[in-house]
Participant: 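Take this structure, written in structure tokens, and hold onto it; I'll ask about it next.
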Amino acid sequence: MSTLQPVRGTHDLMFDDIRRHRLVQSKFAAIAARYGYSEIATPIFEATEVFARTLGDTTDIVTKEMYTFDTKGGESVTLRPEGTAGVARAFISEGLSQQVPLKFFYSGPMFRHERPQKGRQRQFHQIGAELLGVPTPQGDVEVIALADHILKELGIAGKITLEMNSLGDLESRLAYRQVLIDYLAGYKDKLSADSRERLDKNPLRVLDSKDPADKEIVQSAPQFPDYLNQASQDFFKGVQDGLSALSIHFKLSPALVRGIDYYSHTAFEFTTDALGAQGTVLAGGRYDGLIKQMGGPQTAGIGWAAGVERLAMLLGDLPPQSRPVAVIPVGEAEDAVAQKLVHRLRYNGFAVDIGYSGNMGKRMKRANKVNAVVALIIGEDEMKNGSVTVRQLDSGEQSTVALAEVEARLDLYR
RNA sequence: GCGGGUGUAGCUCAGUUGGUUAGAGCACCUGGUUGUGGUCCAGGGGGCCGUGGGUUCGAGUCCCAUCACUCGCCCCA
């Protein structure tokens with residue numbers, strides 16, 4: 001065991017792990033394209049204020065989870081803890097307000113300084129989608145449909161439930177917030193220590209406390225849906241009707257709230273019970289106030305992000321990898337011809353493996369190990385005839401083929 | 001930041017109430033096979049027993065600390 005380890009909460013991605021990540025990313029890119037979303041790659045670090053101002057001063061992400069550094073020039077920069085703020089910043093920086101509606105998708109690493117556990121790392125990866133400039137429920141419906149689609153495409157939708165809630169517009173949210181604070185204040189002594197703190201920082205969070213005593217108190221608390229004003233109710237109904245029309249099933253969760261301040265109206269989470277404590281696989285919501293809050297023009301927005309590690313853990317077996325062709329020179333005399341053949345086949349579209357050393361037995365062993373479908377054997381006899389021996393590695397059948405006709409013979413494996 | 005569990009070979013793990021040269025399977029290397037892989041047989045290389053300290057005649061084993069991993073809390077994707 002080596003003492004050189006990756007930094008806590010970071011991991012090397014290789015072999016099947018990275019194939020799972022790539023599978024998630026490539027399927028997502030393909031589906032997102034069908035919905036008209038184009039890719040955006042914002043910087044992995046931003047000026048600290050991009051996150052600090054937008055996520056809210058009291059959220060855990062800002063108060064204790066950001067990787068923040070001072071540059072040599074004395075600026076404070078932060079490794080991005082999530083994707084939306086960067087996209088919103090780009091929207092403002094690039095002056096995109098004249099081009100709405102805009103649809104972006106992204107994928108890449110995010111960084112949060114949390115205690116690692118199952119499905120949670122300090123460097124992790126997200127895929128996400130953002131729809132800017134669509135203030136109506138159609139936007140919510142499309143964005144959720146995209147999320148639902150990618151989960152289905154990955155074959156994991158059966159393990160996942162969509163939960164939804166409305167946080168209402170600002171007016172509704174402030175009204176409910178006050179009613180909730182008043183109610184909870186009456187139970188202050190009975191609330192858990194965590195929840196007493198939440199009461200000050202983010203009272204809505206008390207609603208989904210896991211503490212049993214808290215749960216009891218919350219049970220008879222005023223319900224968020226009762227405090228939505230007419231406009232907010234209509235909006236939420238529009239989203240629900242739109243999803244129902246597409247046969248996208250969802251569950252209403254009045255306790256579902258958001259840790260990040262810029263959300264309004266629709267909040268949703270796709271969750272699973274297959275991942276232990278980290279059940280949220282994909283989550284998002286509407287953030288109509290964000291861009292204005294960052295100094296841009298009033299612009300509606302809705303989006304989501306999903307944890308690639310979490311999605312990858314739910315994936316079933318990977319599709320089989322394509323099998324290479326192995327070229328095997330019997331001795332040194334055949335090496336040059338073999339190398340030329342390898343090069344030629346690669347240019348003609350075949351995946352080709354050749355061992356770097358060893359006798360024929362070793363090279364056959366290697367061909368087997370890389371799961372080659374056929375071995376092309378070149379020895380003294382083949383050199384004389386200008387041919388190669390083609391051995392099917394599964395059946396052991398072999399035949400002789402003219403060197404010039406190898407591609408035609410192998411066409412099946414290209 | 002707080003709690004629980006686990007650290008022995010590249011990997012998965014065994015290792016008796018503390019007792020001599022620390023084991024297995026898989027993987028790897030060599031040979032059986034100098035033009036034929038997978039299966040089989042024989043052999044081989046690999047260990048600061050996470051790290052530091054302590055108890056003891058003697059520690060992989062007991063105690064303390066520390067680090068790492070892991071599960072959970074908080075929070076979140």
Side-chain angles (χ1 to χ4, degrees), chain A residues 1-9 11 24 55 58-65 80-84 107-128 147 160 192-195 197-198 201-202 205 208-211 257-260 268-272 275-285 303-314 326 328-334 355 358-383 388-398:
Chain A
M1 185 179 294
S2 168
T3 51
L4 249 194
Q5 297 293 327
V7 171
R8 184 187 186 84
H11 288 95
V24 169
L55 298 178
T58 61
T59 59
D60 274 24
I61 292 180
V62 170
T63 54
K64 57 181 201 189
E65 294 177 2
R80 62 184 187 189
E82 56 96 44
T84 304
S107 85
M110 305 290 166
F111 306 84
R112 292 184 198 172
H113 192 103
E114 306 176 272
R115 187 84 177 252
Q117 62 186 79
K118 186 183 176 72
R120 171 198 291 174
Q121 301 170 359
R122 289 184 173 178
Q123 176 174 340
F124 61 107
H125 299 79
Q126 288 187 332
I127 54 174
I160 293 172
S192 66
D194 283 333
S195 283
E197 205 171 313
R198 291 187 187 106
K201 284 185 179 173
N202 190 346
R205 274 270 161 225
D208 61 0
S209 171
K210 287 174 190 167
D211 184 275
V257 292
R258 284 272 84 105
I260 300 174
F268 58 92
E269 282 184 10
F270 289 78
T271 60
T272 179
L275 292 180
Q278 259 57 245
T280 302
V281 140
L282 182 156
W304 53 259
V308 177
E309 282 81 1
R310 293 181 186 180
L311 293 172
M313 282 191 285
L314 295 173
I328 299 184
V330 172
E332 263 174 55
E334 293 82 30
N359 58 23
M360 186 182 184
K362 252 190 199 163
R363 287 169 187 257
M364 285 297 289
K365 217 169 204 156
R366 179 188 166 90
N368 199 56
K369 195 173 165 179
V370 300
N371 196 28
V373 60
V374 293
L376 302 183
I377 299 162
I378 305 172
E380 210 178 328
D381 298 345
E382 288 84 351
M383 292 281 278
V388 302
T389 294
V390 177
R391 182 179 176 89
Q392 307 288 332
L393 288 170
D394 291 338
S395 65
E397 282 169 46
Q398 54 185 53

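First the proteins, then the strands, lettered A, B, ... as listed; each starts at 1. Atoms considered below: every heavy atom in the structure, side chains included; atoms not considered: hydrogens, waters and symmetry mates.
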Participant: Which of residues 304-314 of chain A have a heavy atom under 4.0 Å from RNA chain B?
Facilitator: Ala305(A), Gly307(A), Arg310(A)
Participant: Considering only heavy atoms and no angle criterion, is a donor-acceptor pair shorter than 3.5 Å present between the side chain of Arg120(A) and the base of C75(B)?
Facilitator: yes
Participant: Of Asp194(A) and Glu269(A), whose nearest nucleotide on RNA chain B comes first from the 5' end?
Facilitator: Asp194(A)
Participant: What contact category does Gly396(A) fall into here, base, sugar-phosphate, or nothing, at under 4.0 angstrom with non-hydrogen atoms?
Facilitator: base
Participant: Given a 3.5 Å cut-off on both pairing distances, which stems involving RNA chain B, each at least three consecutive Watson-Crick or G-U pairs, are present, if any?
Facilitator: B:1-7 with B:67-73, B:10-13 with B:23-26, B:28-32 with B:40-44, B:50-54 with B:62-66
Participant: Quick one: Glu65(A) CD to G1(B) P, roughly how many Å, whole number?
Facilitator: 12 Å
Participant: Describe the nucleic acid contact of Gly331(A) in one word from base, sugar-phosphate, nothing, applying a heavy-atom distance below 4.0 Å.
Facilitator: nothing
Participant: Nearest whole angstrom, please: distance from the C1' of G35(B) to the CD of Gln398(A).
Facilitator: 9 Å
Participant: Which residues pass the side chain to side chain donor-acceptor pair (under 3.5 Å) test with Glu382(A), not counting sequence neighbours?
Facilitator: Thr389(A)
Participant: I'd like to know if Glu382(A) reaches the base of G35(B) with its side chain such that a donor and an acceptor end up less than 3.5 angstrom apart.
Facilitator: yes
Participant: When we call it a touch if two heavy atoms are under 4.0 Å apart, what does Gln121(A) touch: a base, just sugar-phosphate, or nothing?
Facilitator: base
Participant: Taking only residues two or more places apart in sequence, or in another chain, which ones meet Ser107(A) in a side chain to side chain donor-acceptor pair (under 3.5 Å)?
Facilitator: none
Participant: Distance check needed: A77(B) P versus Ile127(A) CD1, whole Å only.
Facilitator: 14 Å
Participant: Using a heavy-atom cut-off of 4.0 Å across all strands, would you classify Ala367(A) as base, sugar-phosphate, or nothing?
Facilitator: nothing
Participant: Just how far, in rounded Å, is P of A77(B) from CZ of Phe270(A)?
Facilitator: 14 Å
Participant: Nearest-nucleotide wise, let me know which of Arg366(A) and Leu282(A) is further upstream toward the 5' end of RNA chain B.
Facilitator: Arg366(A)
Participant: Round to the nearest Å and state the distance from Gln117(A) atom CD to U70(B) atom P.
Facilitator: 10 Å
Participant: Would you please name every residue forming a side-chain contact (heavy atoms from CB on, under 4.5 Å) with Glu332(A), sequence neighbours left out?
Facilitator: none
Participant: Is a donor-acceptor contact shorter than 3.5 angstrom present between the side chain of Asn368(A) and the base of G38(B)?
Facilitator: no
Participant: What does Arg363(A) touch in the nucleic acid at a heavy-atom separation under 4.0 angstrom: a base, only the sugar-phosphate, or nothing?
Facilitator: nothing
Participant: Ignoring backbone atoms, establish whether Arg198(A) has a side-chain N or O less than 4.0 Å from OP1 or OP2 of C75(B).
Facilitator: yes
Participant: Tabulate atom names and distances for all N/O pairs under 3.5 angstrom spanning the protein and nucleotides 26-34 of chain B.
Facilitator:
{"residue": "U30(B)", "atom": "OP1", "partner": "Lys362(A)", "partner atom": "NZ", "Å": "2.7"}

